[in-house]
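Read through the structure below, which is laid out as structure tokens, and then see the notes.
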Amino acid sequence: MVSARTASFSVKSTRPTTLSSLPVEVLEHIAFYYVCPRVLGPPIPLATLLLLSKAISYKLSVARHLYARVFKHKFSFSAIRRRGFEPRAGEWAWQLRRWCEVLKGVRSRRRRPVSQAYVDDVDAEEAGVQETMYALWIMCLEDDGCNRAQMQLVGAYEWVEGYIRTEMYKNLDKGWPLGNAGNSCAMWVFWYLSSKARLMDETPEQRESLIDLIIPFLTVPFRYPSSFAPANHFRLPLQSSAQSSLSTPFSIPTPHGPFPIYLHPSRHTWVIPHFDRWTPLCTPLAADAAKLVYFSRRETMLFNVPDFLPRNREEHRARVRTPLPRNHDPWDDVRNTLPNILDAKLNRLGFSDSDLYEAERIFDDVFDESECSSRCWDADWWRLRLCRSAWVSQSAVYTPGSLNGLWTGRMIEAGHRPNPFTETTLGLVAVPLYVRLSEYAMYAGGSPIPCANDTDSGDRDEASIQDAWFPPNTTLSAKGDHVIVSVPSSVLTNREEEKYEYVAVRNNDDDAESSLGFGMGSEAEARNKRKPGTFHDRETCTGCIAREKALVAARAQARGMNVENENPVSDPLSSNGEGESLQDDETINDLPPYVPSAETLPPCNGIRDVLITGNTDPRHAAAWGNWVWKGRVRKWDGMVGLVRSANNGVSINLFLSS
């Protein structure tokens with residue numbers, strides 16, 4: 001029998017929890033795991049969830065962080081926050097759609113016959129070949145691990161290799177291939193996605209045919225420049241009137257066009273949509289890409305020294321060291337385990353879940369992007385962003401300390417042109433090169449060494465490159481962690497001999513601060529003890545003052561911008577029909593400019609000038625000669641000029657694009 005007191009309580013009936021009754025945060029969490037069951041492969045469209053009910057559709061449309069979370073799960077994301085700005089919700093969604101469309105386009109083109117795989121269809125709503133190539137290269141520049149895996153999955157390496165082998169010579173200029181964005185980016189992407197296993201899998205015939213195709217880009221400097229501005233200028237931007245054509249007062253006419261080559265912004269600039277903003281970038285240098293492709297293939301063969309010949313193929317493969325961004329790529333294990341995963345025609349309807357899960361199992365923990373490996377490409381990104389014209393001023397594009405250490409390579413030592421002039425005869429006169437380089441800097445507050453042109457009466461826009469931009473007869477002497485540079489009075493105008501003091505640049509910023517006197521006292525004490533220009537004085541540094549002004553301007557501009565649109569974000573993963581994007585054409589034509597935020601302005605290092613010294617270690621000097629080196633870094637784009645001098649005083653000039 002139930003008492004009256006007990007009977008006065010009744011159990012309240014509860015309605016079952018439904019998907020539409022969940023809070024937006026919980027629903028967004030569910031949607032994320034539905035869209036991203038794994039890292040590899042495209043996101044699953046939200047269409048199924050959106051069609052469940054109007055309530056669910058509305059809640060997911062206002063889930064502003066969902067697509068940012070999807071993007072960060074599928075693609076690398078640290079670079080944009082470090083180089084540009086913190087994207088808003090709509091900008092993450094826009095770029096997610098952009099990368100998905102680029103990868104979908106590559107896979108779609110691979111399903112077509114070879115004759116149509118690289119043809120632009122004006123009626124199709126897919127990116128053209130050149131635009132696709134540039135987009136793939138940007139993915140490489142921003143890669144922390146995920147971008148590379150997604151590109152390998154759709155067969156970007158195979159598609160780009162096919163382009164180099166079949167399309168690069170379709171359009172010619174007087175018989176020479178073009179140094180346009182399509183050809184240049186194709187070689188850059190091809191090199192970036194190469195791995196040691198892929199190089200070892202190439203047959204000698206495949207390797208030789210590839211080298212024959214790219215050899216003009218690295219051997220013909222009068223058509224394909226190796227720097228964004230000619231080496232005969234040390235101080236940029238140029239002070240003369242702005243460039244109006246390919247010809248300049250510093251060029252001479254040749255059958256191939258004016259030389260030296262001055263890249264014209266209107267012909268050398270691409271305005272690319274990136275994170276829903278117009279981003280002007282210059283065309284990457286084809287010559288640099290060709291050199292990387294060439295040496296990565298050529299250096300699979302070791303020096304022909306009998307005592308060092310490998311005993312078998314396995315030992316040879318283990319010894320080979322190639323100039324690649326990554327020697328081992330887990331994707332090599334994936335394509336060996338799942339040989340059909342790259343067959344675009346066999347997998348016409350998409351990737352099977354079993355293949356994707358197995359591929360991700362092979363990758364294991366490779367998708368950890370916490371190291372932000374794309375950081376090493378930051379300077380290259382800024383060169384593409386800023387080095388669009390030799391007549392435009394910009395900030396320095398160089399990473400101090402990047403040349404410190406032992407460098408190895410090969411050098412041609414031929415007094416006369418070999419006959420015949422082939423790779424075989426060049427190999428006979430090539431010797432190993434070993435040099436230990438050290439960097440020294442002059443900081444703000446000091447007076448840097450004049451360039452060669454500052455000491456004569458010539459045009460100040462044009463500097464002598466005979467001695468790596470140093471004035472004639474300049475001498476360098478080491479004194480501890482300093483270098484004293486002496487410029488004789490004979491080359492100075494109405495001045496006595498002058499000495500300039502440069503201090504060693506350390507690879508680690510903390511070590512550099514310590515070596516300059518910080519850590520042992522206050523910055524004020526260091527300022528009193530050290531000579532101006534030998535340390536970074538932040539209170540008087542013109543670069544730090546300019547950065548503070550730029551921060552004020554950037555913050556004011558950010559305050560003046562419209563508050564982020566609170567309208568619902570459309571699903572970037574959905575499409576209308578077969579591959580038709582829901583993106584409005586009016587949107588693509590009205591994107592805002594790409595303006596870095598205050599948070600991404602890099603700190604000032606205070607460096608005004610960098611010089612380089614080098615020497616040969618005793619063990620290498622005994623075999624290949626005792627050489628000394630000196631050089632300078634062009635601040636505008638990081639171009640390095642080096643001079644190698646033998647004991648007899650003979651000098652050899654080298655100019656290296658950074």
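When a residue number appears, it is its place in the shown sequence, counting from 1.
- Trp381 and Trp137 have their aromatic ring centers separated by at least 6.0 angstrom.
- Relative to the six-membered ring of Trp627, Arg644 meets both conditions, a distance below 6.0 Å and an angle of at most 45° to the axis.
- Atom-to-atom distance recorded for Cys387:SG and Asp637:CG is 5.0 Å, nearest 0.5 angstrom.
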Determine, step by step, whether Arg383 and Arg385 satisfy the side-chain contact (heavy atoms from CB on, under 4.5 Å) criterion, reporting the C-alpha distance in whole Å, the side-chain angles of both residues, the deciding distance to 0.1 Å, and the verdict.
CA-CA 5 Å; Arg383 287 189 193 97; Arg385 286 277 290 122; over 6 Å; no
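- The shortest distance between side-chain heavy atoms of Ile272 and Tyr134 falls below 4.5 Å.
- Tyr169 places no side-chain N or O within donor-acceptor distance of the main-chain N or O of Gly175, the cut-off being under 3.5 Å.
- In this structure, His328 and Ser195 have side chains that are not in contact, with every pair of non-hydrogen atoms separated by 4.5 Å or more.
- The shortest distance between side-chain heavy atoms of Ser296 and Tyr294 does not fall below 4.5 Å.
- If you take OG on Ser373 and CG on Asp144, they are separated by 4.5 Å, rounding to the nearest 0.5 Å.
- Glu501 has its side chain within reach of Thr534: a pair of non-hydrogen atoms, C-beta onward, lies under 4.5 Å apart.
- Aromatic ring orientation, Trp469 versus Phe234: tilted (interplanar angle from 30° to 60°).
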Go through the steps to decide whether Leu178 and Arg223 satisfy the test side-chain contact (heavy atoms from CB on, under 4.5 Å), and finish with yes or no.
CA-CA 9 Å; Leu178 305 179; Arg223 293 196 67 93; 5.8 Å; no
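- No side-chain N or O of Tyr443 forms a donor-acceptor pair with one of Asn605 less than 3.5 Å apart.
- In summary, Lys196 and Asp329 do not engage in a salt bridge, as defined by a charged side-chain N under 4.0 Å from a carboxylate O.
- Inspection of the Thr254 and His256 side chains reveals no N or O donor paired with an N or O acceptor under 3.5 Å.
- Within the 4.5 Å cutoff, the side chain of Thr269 has no heavy atoms near those of the Leu281 side chain.
- Using modelled atom types, one finds a donor on one side chain and an acceptor on the other under 3.5 Å when comparing Tyr398 with Glu439.
- Residues Asp467 and Pro472 have side chains not in contact (no heavy-atom distance under 4.5 Å, counting atoms from C-beta outward).
- A donor and an acceptor atom, one from each side chain of Thr540 and Asp537, are located under 3.5 Å apart.
- The cationic group of Arg632 lies under 6.0 Å from the six-membered ring centre of Phe470 and within 45° of the ring axis, placing it in a cation-pi geometry.
- The pair Asp609-Lys635 does not meet the salt-bridge criterion, since no charged nitrogen lies less than 4.0 angstrom from a carboxylate oxygen.
- Looking at His268 and Tyr262, their side chains never bring a donor and an acceptor atom within 3.5 Å of each other.
- Side-chain atoms of Tyr440 and Val505, non-hydrogen and from C-beta on, never get closer than 4.5 Å to each other.
- With respect to Arg298 and Glu208, a salt bridge is recorded, a charged nitrogen being found less than 4.0 Å from a carboxylate O.
- Under the 30°/60° scheme for interplanar angles, the aromatic rings of Tyr224 and Phe217 are found to be tilted.
- Residues Asn404 and Ser438 bring no donor and acceptor atom of their side chains to less than 3.5 Å of each other.
- With no hydrogens or angles considered, a side-chain donor-acceptor pair links Lys291 and Ser226 at under 3.5 Å.
- Looking at Lys499 and Ser486, their side chains do bring a donor and an acceptor atom within 3.5 Å of each other.
- Arg198 and Ser194 are not linked by any side-chain donor-acceptor pair at a separation below 3.5 angstrom, with hydrogens and angles left out of the test.
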Going through the distances and angles, do Cys604 and Arg538 end up as a side-chain contact (heavy atoms from CB on, under 4.5 Å)?
CA-CA 9 Å; Cys604 173; Arg538 293 172 177 81; over 6 Å; no
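- For an aromatic pair to be called close, the ring centres must be under 6.0 Å apart, and His482 with Tyr500 fails this.
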List the steps, then state whether side-chain contact (heavy atoms from CB on, under 4.5 Å) holds for Thr283 with Trp270.
CA-CA 7 Å; Thr283 302; Trp270 280 70; 3.5 Å; yes
Take Asp143 and Ser374, measure what side chain to side chain donor-acceptor pair (under 3.5 Å) needs, and give me the verdict at the end.
CA-CA 5 Å; Asp143 174 49; Ser374 61; over 6 Å; no
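- Annotation: side chain of Asn232 is in contact with side chain of Pro260 (closest heavy-atom distance under 4.5 Å).
- Distance check, rounded to the nearest 0.5 Å: CD of Glu371 to OG of Ser78 gives 11.0 Å.
- For the pair Arg148 and Tyr192, the distance from NZ or CZ to the six-membered ring centre is under 6.0 Å and the angle to the ring normal is within 45 degrees.
- A salt bridge links Arg436 with Asp617: the closest approach of a Lys/Arg side-chain nitrogen to an acidic carboxylate oxygen falls below 4.0 angstrom.
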